[in-house]
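Chain identifiers are assigned alphabetically (A, B, ...) following the order of the sequence lines, protein sequences preceding nucleic acid strands; residue numbering begins at 1 within each chain.
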Number of protein chains: 2
Amino acid sequence: MGCESETVDLLRETGHKMTPQRMMILTSLRHASGHLTAAEVFERVKTVYPYVDISTVYRTLTVLKDLHLIAETDMGGGDATFEWVVAERHHHLICRKCSQVTQLDHRYLAEVGARIGRDLGFRADLDHFAIFGLCAACQRELTEEAARGAAH
Amino acid sequence: MGCESETVDLLRETGHKMTPQRMMILTSLRHASGHLTAAEVFERVKTVYPYVDISTVYRTLTVLKDLHLIAETDMGGGDATFEWVVAERHHHLICRKCSQVTQLDHRYLAEVGARIGRDLGFRADLDHFAIFGLCAACQRELTEEAARGAAH
DNA sequence: AGAGTAAGCGCAACTGGTTGCAATTACGAT
DNA sequence: ATCGTAATTGCAACCAGTTGCGCTTACTCT
């Protein structure tokens, strides 16, 4: 505790309460190295306080997400993951074949966001995007497969 | 029928079968004016053939999506929507306050996609993106609210 | 410090979507 | 036209996530 004080203030200022459960959920995300699914957060909190309900986890994640303290991303694996929003914004390139995840610098999208704002007046939330596609390796594999298919 | 023959061929060529259920799901999407949710597709098909199972709808949607015949988009309303992939690619700007949907020309993202491909070798699927954010009107509203909040 | 109140909690019921399985059926090969 | 096979179907069980509700509790105000 101690390093969470700003977060507590933000919660209070927005009319929310800081409960023990919320604190545990929050710290488990804060101190996780990367992305966590809701179930993972649930597991981690349960080791400290076994009586938490999964619905509390989901409700808290929703609150934190609305306050932009955490970012939700669909990494393609079916379940959404959550991660503490850090200073440097970044995005993910996710291969839909091998599921490999690569980071993408924010600059790639910042410019598009700016242009959309300029042209259409729409302020795009481009904090944390998951872009699906095919990684270089899988592209090669697929073209080779296609070549074999055409040959036979 | 008749206008679906190319689609049927594509299915066959990729080792799939064309079943009556599949045909109905396909045409309901093909002839729908815009986006349909899975439940909507289910309802439409049921009017013709009441015995379809919802799981068949989901499974077929997955197949069609994998073949890029339809595009899945999370329009924010909680449930994903599907639409027939038309010639001109486009994207959607969805306001997270008023849920208004605006179309965005593909050119905005095409360039980013090209750059990602060039720099990182990753071929991004940018066929049909849903970009969340705040529309111009809601931005104005929010800044006014903030001004009122600061004043009192 | 104490009281009132609205937010939050855990439970249980529910919903939307997925999956395993046995029966069926479309399709390529004969 | 018929056969064999693999894909597909419908059912039912299942799972992840959501919601309604009565009880509890953090926070505000005095």
Helix axis bend for the helix from dA1(C)-dT30(D) to dT30(C)-dA1(D) - C1'-based end axes, five pairs, 10° rounding: 50°
message: Under 4.0 Å between a side-chain nitrogen and a carboxylate oxygen: does that hold for Arg115(A) and Glu111(A)?
response: yes
- request: Return the value, rounded to whole Å, for the distance between atom CZ of Phe42(B) and atom P of dT15(C).
  value: 15 Å
task: Taking the side chain as every heavy atom from C-beta outward, state whether Arg22(A) and Leu64(A) have any pair of such atoms under 4.5 Å apart.
output: no
Contact letters for nucleotides 22-27 of chain C, in which S counts primed atoms plus P, OP1 and OP2 and B counts the base, heavy atoms under 4.0 Å: ---BBS
message: A side-chain contact here means heavy atoms from C-beta on lying under 4.5 Å apart; do Gln21(A) and Asp53(A) qualify?
response: no
message: Taking 4.0 Å as the cut-off, does a side-chain nitrogen or oxygen of Gln21(A) come that near to OP1 or OP2 on dT25(D)?
response: no
- prompt: Do side-chain atoms of Thr81(A) reach the backbone of Leu36(A) as a donor and acceptor pair under 3.5 angstrom?
  reply: no
query: To the nearest 0.5 Å, how far apart are CG in Leu69(A) and CG in Leu61(A)?
result: 11.5 Å
- prompt: Are Val45(A) and Thr56(A) side-chain neighbours, meaning at least one heavy-atom pair lies under 4.5 Å?
  reply: no
message: Please determine whether a side-chain nitrogen or oxygen atom of Arg22(B) lies at a distance below 4.0 Å from atom OP1 or OP2 of dT9(D).
response: yes
task: Could you check how far NZ of Lys65(B) sits from C1' of dG17(C), rounded to whole Å?
output: 12 Å
- prompt: Rounded to the nearest 0.5 Å, how far does NE2 of His16(B) lie from CG of Asp66(B)?
  reply: 7.5 Å
- prompt: Expressed in angstrom and rounded to an integer, what is the separation of Leu11(B) atom CG from dA6(D) atom C1'?
  reply: 15 Å
message: Do Val41(B) and Phe82(B) have side chains that approach each other closer than 4.5 Å (heavy atoms only, starting at C-beta)?
response: no
query: Atom CE of Met24(A) and atom P of dA26(D): how far apart are they, to the nearest Å?
result: 11 Å
query: Would you call Glu83(A) and Ile70(A) a side-chain contact if the rule is heavy atoms closer than 4.5 Å?
result: no
- prompt: Whole-Å distance between dA16(D) P and Leu36(A) CG?
  reply: 17 Å
Approximate separation, where rounding is to 0.5 Å, of Thr37(B) OG1 and Glu40(B) CD: 3.5 Å
task: Using heavy atoms and a sub-4.0 Å distance, could you list which residues of residues 48-61 of chain B are near DNA chain C? By number, please.
output: Ser55(B), Tyr58(B), Arg59(B)
- request: Round to the nearest Å and state the distance from Asp66(A) atom CG to dG8(C) atom P.
  value: 11 Å
Whole-Å gap separating P (dT8(D)) and CG (Leu26(B)): 13 Å
field: Shortest non-hydrogen contact from Phe122(A) toward Gln139(B)
entry: C-NE2, 3.9 Å
